[in-house]
Amino acid sequence: MKVPLLNLQGQYASLRDEMRESIERVFASQHFVLGAQGRALESAVAEYSQTKFAVGCASGSDALLLALMALDIERDDPLTLFATGAAIARLGAKPVFVDIDPQTYNIDPAQIASAITSRTKAILPVHLYGQCADMDQLLEISSQNKIPIVEDAAQAIGAEDKGRRAGSLGLMGTFSFYPTKNLGGAGDGGMLATNDEEYAARLRRLRAHGGATEYEHSEVGVNSRLDELQAAVLLVKFPHLDRWSNLRAQKAAMYTRLLKEADLGIDVTPPRVPETGRHIFHQYVIRVPEYRDRLADHLKARGVGNKVYYPIPLHQQECFSYLGYGEGSFPETERAARETLALPLYPELTDDQQNYVVESIRSFAS
Ligand SMILES: *Cc1c(COP(=O)(O)O)cnc(C)c1O
C-alpha cells in the first residue's frame with residue numbers, strides 16, 4: 001500500500017467539470033483582474049470568517065506584508081513560519097521571536113510580555129496546523145499594551161476559538177490559498193480579513209499600487225491581487241470547505257484513537273485537540289521524542305509519506321542570524337523542530353490507509 005503525504009488529485013477529480021466551466025466563464029469574460037469572481041470570494045470568506053470585510057491579494061505572504069504596511073510598520077520597527085518572519089524583515093522591521101507552547105506549537109502568551117518594548121508595533125500569532133493560538137490571553141496583552149494583533153491564519157481558515165473564527169479576532173487576519181492549504185487554489189492566492197472599514201479600504205489601495213483610483217496615489221503600495229481565475233477555482237471549492245475540514249478532524253481523531261490502541265511502547269504524542277475550539281487539522285503532527293528521524297525513514301520505506309515541517313526554527317535561519325539568537329534561545333521551538341513529524345491527512349484518506357500508517361508505526365516501535 002502507498003499512502004502519499006498529500007493527494008490533491010482526488011479532490012480535483014470530484015470537481016473537475018464544475019472547475020472547468022467556472023474557468024471557462026472567466027476566459028469568456030476576458031476579465032482577469034479585480035472582478036466579479038474576486039468580489040464574490042471576498043464576500044464569501046468575510047462571512048465565513050465572521051468579519052465585515054475581506055480583501056484578496058496574491059498570496060498568504062503578501063497578505064502578511066500588506067497587513068504590516070497598513071500598520072505603517074517600517075524600517076527598524078521592532079516587532080514559525082518563514083513567511084511570517086520574512087514579511088516583517090522585508091519591510092526592514094525587526095522581528096522579535098518568542099517561544100511556543102509545547103502542546104499546541106502555537107505562540108506562548110506567557111513569553112510575550114517580556115518581549116514587548118515601547119517600540120513593539122504588532123503581535124503576530126500564527127495559528128499553526130489549523131488550531132487557534134490562545135486568543136483570550138493574546139487579546140488581553142494586546143489591549144493592555146495597545147498593540148494590534150495580526151493573525152496569520154494561513155493554515156486555519158474556519159478554525160475557531162470559543163466560537164470565534166480565525167482571522168476575526170485581531171485587527172486583521174491573513175489567509176493563504178496555496179494549493180496544499182485546506183482551501184487551495186491552482187497557484188498562489190491570499191486574502192485579508194478585518195472588521196475595520198478604514199483598514200479594509202487601505203488594504204484595497206495598498207494591493208493596487210496604493211492608488212485610491214487608477215491615477216491618484218496617496219502612498220506607494222504593491223501590485224498584489226487575487227486574479228479572477230484563482231477566485232473562480234476557489235469559489236468552486238469553497239462550498240466544500242467545511243465538509244473537508246470536518247473530514248480532516250474526523251480522520252485526525254481516528255489516528256489518535258488508533259495510536260492509543262496500538263500500545264506502541266515508544267513515546268508518540270498525538271496532537272492536542274482544544275476543548276473550546278475547532279481544529280481544522282491542516283496537518284496532523286505527532287511528537288516522537290526519541291526516534292523521529294528513524295521513524296520517518298521507516299515510514300518512507302513502507303510507502304507512507306511524512307514530513308518534518310520546519311526542521312530549522314526561524315531564529316536559527318541564516319537570514320536572521322543578525323538578530324543574535326542562537327541555539328537554546330527558544331528551547332520548546334527547538335525541541336519541536338527535533339521531535340515532530342506530520343503524517344498524511346486529507347479528506348480523501350481511507351480507513352485502510354490510516355490503519356496501514358498506524359500499523360507501520362507499530363511495526364517500527366516493535
Ligand atoms: C502557507 C503559509 C503562509 C504563506 O502563504 P503563501 O500563500 O504560500 O504565501 C504564511 N503563513 C503560514 C502559517 C502558512 O502556512
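If you read the sequence from its start, that first residue is 1, and numbering goes on from there. For ligands, and for the atoms within them, numbers begin at 1 and follow the listed sequence.
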N/O separation below 3.5 Å, [X] to ligand 1:
| X | result |
| --- | --- |
| Q155 | yes |
| D62 | no |
| S176 | yes |
| G60 | yes |
| D152 | yes |

Between [X] and [Y]: side-chain donor-acceptor atoms closer than 3.5 Å:
| X | Y | result |
| --- | --- | --- |
| Q316 | Y325 | no |
| Q137 | D134 | yes |
| S224 | D62 | yes |
| Y310 | T333 | no |

**Prompt:** Under 4.0 angstrom from ligand 1, any heavy atom of K181?
**Reply:** yes
Proximal atoms of ligand 1 relative to [X] (non-hydrogen, under 4.0 Å):
| X | value |
| --- | --- |
| V126 | 13 (C) |
| A154 | 2 (C), 3 (C), 10 (C), 11 (N), 12 (C), 13 (C), 14 (C), 15 (O) |
| S59 | 7 (O), 9 (O) |

**Asked** With sequence neighbours excluded, what pairs up with S363 under the side chain to side chain donor-acceptor pair (under 3.5 Å) test?
**Response**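 With neighbours one apart ignored, the set is H298.
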**Item:** Presence of salt bridge, D136 and R164, under 4.0 angstrom
**Value:**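 So R164 pairs with D136 through a salt bridge.
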**Message:** Looking at E261 and R257, is there a salt bridge between them, counting it only when a charged N and a carboxylate O are closer than 4.0 Å?
**Reply:**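 A salt bridge is present here (some side-chain N lies under 4.0 Å from a carboxylate O).
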